[in-house]
Amino acid sequence: LFDGLLTRLQLLRSGCVRNAEGLREAIGSAGSDPSYPATVLVCGKSNIALTSPVDVSNKAFNLQCAGRMFSFLSTVCTIDGLGATRIFSGASASLTINGVNLVGGSVPAGDSIQHGGAIRLTNSTLRLRDAKFELNSAVEGGGGAIWMEQGTLNIVSTVFANNVASDGGAIALRNSVVGITDSEFLSNQAVYGGAGIFAGGTISIESTTFFDNVSTTGVRLFLVSALS
């Protein structure tokens, strides 16, 4: 127990990011080997505002809210796209997001790929725990919060609320594998299929709540492949 606490204190002492410049620098210095991911700490109570997406291509890192490293703290860390930009995008990445809220992500104006309001990844692995995705949008594409193509997505204890897209109000997948446990999909919207999730791939869902997700087709979970 003491060793674990000491390790966490050492990580905090090494510095946490408070702004967009610090976030880009920390992720930019991360390596590509998923066996040795960098640790990127967001300072407690931070609200990092972005004006353009952060490229995570060929990066392996754990993004964590510093305050969440200790069980006796409940600090909120937020990264905000301000309704104008996607938050993370890239290919061949390995990301873990723990205790960080991603809000206000939106497909940037003029972007040739209209998918993924907060996150758009290809050939990547994304792990989420105790995160929250809220008010993200891809109104002309898929995945208001997340678009994943040919990747793996693992979600635990994460909330998706009030995200909007053409397909997959919260999440849209193409040729991907996703596992979802102990999570919530609340008041997400899609114009066509999958108010909560549009899944092109294999999906496993356990102990997860879907409430008040709405699409014009009336389909809250749209699957074009396998469900387990």
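Side-chain contact between L128 and F133 is present, with heavy atoms from C-beta onward closer than 4.5 Å. Contact of the V76 side chain with the N101 side chain is registered, since non-hydrogen atoms from C-beta on lie closer than 4.5 Å. Between I180 and F185 the shortest side-chain heavy-atom distance falls below 4.5 Å. With a 4.5 Å cut-off on side-chain heavy atoms, V100 and I79 count as touching. Side-chain atoms of L173 and F198, non-hydrogen and from C-beta on, never get closer than 4.5 Å to each other. No side-chain heavy atom of Q64 sits under 4.5 Å from any side-chain heavy atom of C77. Annotation: side chain of V56 is in contact with side chain of F61 (closest heavy-atom distance under 4.5 Å). The closest side-chain heavy-atom distance from I205 to F210 is below 4.5 Å.
Scanning both residues, P37 and N62, for their nearest heavy atoms gives CG-ND2, 3.8 Å. Closest approach of S124 and A93 over heavy atoms only: OG-N, 2.9 Å.
To the nearest 0.5 Å, atom CG of residue N58 and atom OG of residue S94 are 11.5 Å apart. Annotation: the span from K132 atom NZ to L186 atom CG amounts to 8.5 Å, rounded to 0.5 Å. Between the CD atom of Q114 and the OG atom of S166 there is a distance of 10.5 Å, given to the nearest 0.5 Å.
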Distance-only donor-acceptor hits, side chain of residues 102-113, under 3.5 Å, sequence neighbours excluded:
from: S106; atom 1: OG; to: S137; atom 2: OG; distance (Å): 3.4
from: D111; atom 1: OD1; to: I113; atom 2: N; distance (Å): 2.8
from: D111; atom 1: OD2; to: R86; atom 2: NH1; distance (Å): 3.1

Ignoring hydrogens and angles, write down the donor-acceptor pairs under 3.5 Å from the side chains of residues 139-161, residues two or more places apart or on other chains.
from: T158; atom 1: OG1; to: A131; atom 2: N; distance (Å): 3.4
from: T158; atom 1: OG1; to: V156; atom 2: O; distance (Å): 3.0

Can you list, pair by pair, the side-chain donor-acceptor contacts under 3.5 Å of residues 46-53, counting residues two or more places apart and other chains?
from: S46; atom 1: OG; to: C43; atom 2: O; distance (Å): 2.8
from: S52; atom 1: OG; to: R24; atom 2: NH2; distance (Å): 2.9

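A donor and an acceptor atom, one from each side chain of S89 and R120, are nowhere located under 3.5 Å apart.
Listed by first then second residue, pairs satisfying ring-ring contact (aromatic ring centres under 6.0 Å, His included) with a partner in residues 30-60 number zero, not counting sequence neighbours.
N19 pairs by the side chain to side chain contact (heavy atoms under 4.5 Å, CB included) definition with E21, not counting sequence neighbours. Applying the salt bridge (Lys or Arg N to Asp or Glu O under 4.0 Å) criterion to D80, with sequence neighbours excluded, gives no partner residue.
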